[in-house]
Protein chains: 2
Amino acid sequence: MKKEFRSGCPISSTLDVVGDKWSLLIIRDMLLKHKKTFKEISYSDERIAPSILSARLKLLESYKLIFKTKVPDNKKENIYLLTEKGIRLAPIIIEFSLWGNSNMGEFNEIDDIEGLNSDKSYIMQSVQDNYDSMLLDFH
Amino acid sequence: MKKEFRSGCPISSTLDVVGDKWSLLIIRDMLLKHKKTFKEISYSDERIAPSILSARLKLLESYKLIFKTKVPDNKKENIYLLTEKGIRLAPIIIEFSLWGNSNMGEFNEIDDIEGLNSDKSYIMQSVQDNYDSMLLDFH
DNA sequence: ATTTTTGCTTTCAATTCGATAGCAAAAGTA
DNA sequence: TACTTTTGCTATCGAATTGAAAGCAAAAAT
């Protein structure tokens, strides 16, 4: 399951964990859209295949960026939630969004994500705070 | 050469361009270590294969994150330099570094990158300014 | 004139990706 | 209770990508 790290560089090590085409999109949906189930995460604009989603969730769980739980009245459905480590990816996600907005317009028509283009540090904090308060519903 | 974008999401679009295991490491070396030639970039801790480096440089050039030039006294050696678009990836690189430092210690021994863990906005600015002033040597 | 360096390209086996289908257990419905 | 549907996956398998190694032509160095 786990791969070797290519070096001790923190940038390289972060890439070894979330440096693929899907992991940060899964975390985007969890963090910004508060998606919590396999099904919710499946239905994104980019349409991740279930086999890939399954593999990524396992990987993210093994690195403790997310954890799995259930709600009492539903024995089937898994609830995936971000850990503190995962929530702290907010600045990376937001910088990706800002950079994409400013620099990709030439190559692709870029959607506007509401409220993600104002004061950077304020946004980073409030995204994390929002997720934290949502987490309280699950103790 | 160029792929389709999976959606109009700026996060997804940025991932479509630099969301692989190597591109951001190449940009790290150019931006932080001021590497400029194929050979210099080849000799990183992570040892990128020449076929991959060649392909990535072409891709990054096609998206105008880097450009290729030469110095007058050397007809062989290509000089790769970051464009403004490329330099503006500094915040992403730095957030990757900060996150890796804080969150990957449990799984990998993480090197200290000198001076990259102080005031965030100061660092982001000075990394870009440093690169800009180096660029002046090439007009 | 010869050797070395540089910036690649080619090859090819191995790995990963990803669309589709399948499936068991739980939940919902009649 | 029987049935249908939903959910959260796993299995399959061809296609695409990766990456180690070797090769190579042009330029530079000796």
Side-chain angles (χ1 to χ4, degrees), chain A residues 1-7 12 15-27 29-30 34-63 66-82 138, chain B residues 1-7 12 15-26 29-30 34-63 66-81 138:
Chain A
M1 176 70 73
K2 280 173 201 170
K3 302 285 184 53
E4 289 299 295
F5 287 90
R6 286 172 291 176
S7 77
S12 166
L15 282 168
D16 287 335
V17 173
V18 295
D20 67 277
K21 297 255 182 253
W22 293 109
S23 292
L24 285 177
L25 291 188
I26 295 169
I27 292 163
D29 286 351
M30 295 177 72
H34 293 192
K35 291 184 181 181
K36 290 181 272 296
T37 64
F38 194 95
K39 193 193 169 197
E40 284 174 337
I41 301 169
S42 288
Y43 295 160
S44 66
D45 287 346
E46 298 86 10
R47 290 318 223 93
I48 186 168
S51 54
I52 299 169
L53 179 54
S54 179
R56 293 289 160 238
L57 288 172
K58 282 193 175 75
L59 199 73
L60 294 173
E61 198 180 7
S62 79
Y63 285 117
I66 66 174
F67 66 100
K68 208 195 294 192
T69 186
K70 291 194 189 280
V71 284
D73 58 315
N74 191 324
K75 283 172 189 161
K76 188 76 207 295
E77 206 169 42
N78 288 317
I79 306 288
Y80 297 97
L81 297 169
L82 292 165
F138 296 90
Chain B
M1 177 68 74
K2 281 172 199 166
K3 302 286 184 50
E4 289 299 296
F5 287 89
R6 287 172 290 176
S7 77
S12 165
L15 282 168
D16 287 335
V17 172
V18 297
D20 68 277
K21 298 254 182 255
W22 292 109
S23 293
L24 285 177
L25 291 187
I26 295 169
D29 286 352
M30 295 178 70
H34 293 193
K35 292 185 182 180
K36 286 179 277 296
T37 64
F38 193 96
K39 193 193 170 195
E40 284 175 336
I41 301 168
S42 287
Y43 295 161
S44 66
D45 287 346
E46 298 86 9
R47 291 318 223 95
I48 186 169
S51 56
I52 298 167
L53 178 54
S54 177
R56 292 288 160 238
L57 288 173
K58 282 192 176 74
L59 199 73
L60 294 174
E61 198 181 5
S62 80
Y63 285 116
I66 65 174
F67 66 101
K68 207 195 292 192
T69 186
K70 292 194 187 282
V71 283
D73 59 314
N74 191 323
K75 283 172 190 161
K76 189 77 207 290
E77 208 170 42
N78 289 315
I79 306 288
Y80 297 96
L81 297 169
F138 297 91

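Quick caveat: nothing in here was measured; it's all calculated off a predicted structure. Only this structure's heavy atoms are used, side chains among them; waters, hydrogens and symmetry mates stay out. Below, read A as the first sequence line, B as the second, and so on, with proteins coming before strands; counting in each chain starts at 1.
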Please report, rounded to the nearest Å, how far the [atom2] atom of [N] is from the [atom1] atom of [X].
| X | N | atom1 | atom2 | value |
| --- | --- | --- | --- | --- |
| A:Leu59 | C:dT15 | CG | P | 18 Å |
| A:Lys58 | D:dA11 | NZ | C1' | 12 Å |
| B:Asp16 | D:dA16 | CG | P | 17 Å |
| A:Leu57 | D:dT10 | CG | P | 10 Å |
| A:Ile66 | D:dG8 | CD1 | C1' | 13 Å |
| A:Phe38 | C:dA26 | CZ | P | 18 Å |
| B:Lys39 | C:dT4 | NZ | C1' | 11 Å |

Check: B:Ser54 side chain, B:Pro50 main-chain N or O, donor-acceptor pair, under 3.5 Å: no
Which atom pairs link the protein and nucleotides 19-22 of chain C when you take only N or O atoms and keep those under 3.5 Å?
from   : atom 1 : to      : atom 2 : distance (Å)
C:dA19 : N6     : A:Ser51 : OG     : 3.2

Listed partners of A:Asp29 passing salt bridge (Lys or Arg N to Asp or Glu O under 4.0 Å), at least two apart: A:Lys33, A:Lys35
For [N] and [X] - does any side-chain N or O of the residue sit under 4.0 Å from the phosphate oxygens OP1/OP2?
| X | N | value |
| --- | --- | --- |
| B:Arg56 | D:dT18 | yes |
| B:Lys21 | C:dT15 | no |
| B:Trp22 | D:dT18 | no |

Shortest non-hydrogen contact between B:Asp16 and B:Arg6, atoms and distance: OD1-NE, 2.8 Å
For the student: nearest non-hydrogen atoms of A:Arg56 and A:Ser23, plus distance: CD-OG, 3.4 Å
By side chain to side chain donor-acceptor pair (under 3.5 Å) - contacts of B:Lys70 (at least two apart): B:Asn78
Listed partners of A:Glu61 passing side chain to side chain donor-acceptor pair (under 3.5 Å), at least two apart: none
Audit row: B:Val17, B:Phe5, side chain to side chain contact (heavy atoms under 4.5 Å, CB included) steps and yes/no: CA-CA 9 Å; B:Val17 172; B:Phe5 287 89; 4.0 Å; yes
First encountered from the 5' end of DNA chain D, between B:Asp20 and A:Ser54: A:Ser54
Between the protein and nucleotides 23-30 of chain D, list every N/O to N/O distance that falls short of 3.5 Å.
from   : atom 1 : to      : atom 2 : distance (Å)
D:dA26 : N3     : B:Lys76 : NZ     : 3.4
D:dA28 : OP1    : B:Lys75 : N      : 2.5

Listed nucleotide nearest any side-chain atom of A:Thr37, set C:dT9, D:dT10, D:dG8: D:dG8
Stepwise side chain to side chain contact (heavy atoms under 4.5 Å, CB included) test for A:Leu15 and B:Leu24: CA-CA 8 Å; A:Leu15 282 168; B:Leu24 285 177; 4.0 Å; yes
Pairs where residues 36-55 of chain A contributes a residue and the test salt bridge (charged side-chain N to carboxylate O under 4.0 Å, His left out) is met, not counting sequence neighbours: A:Arg28-A:Glu46
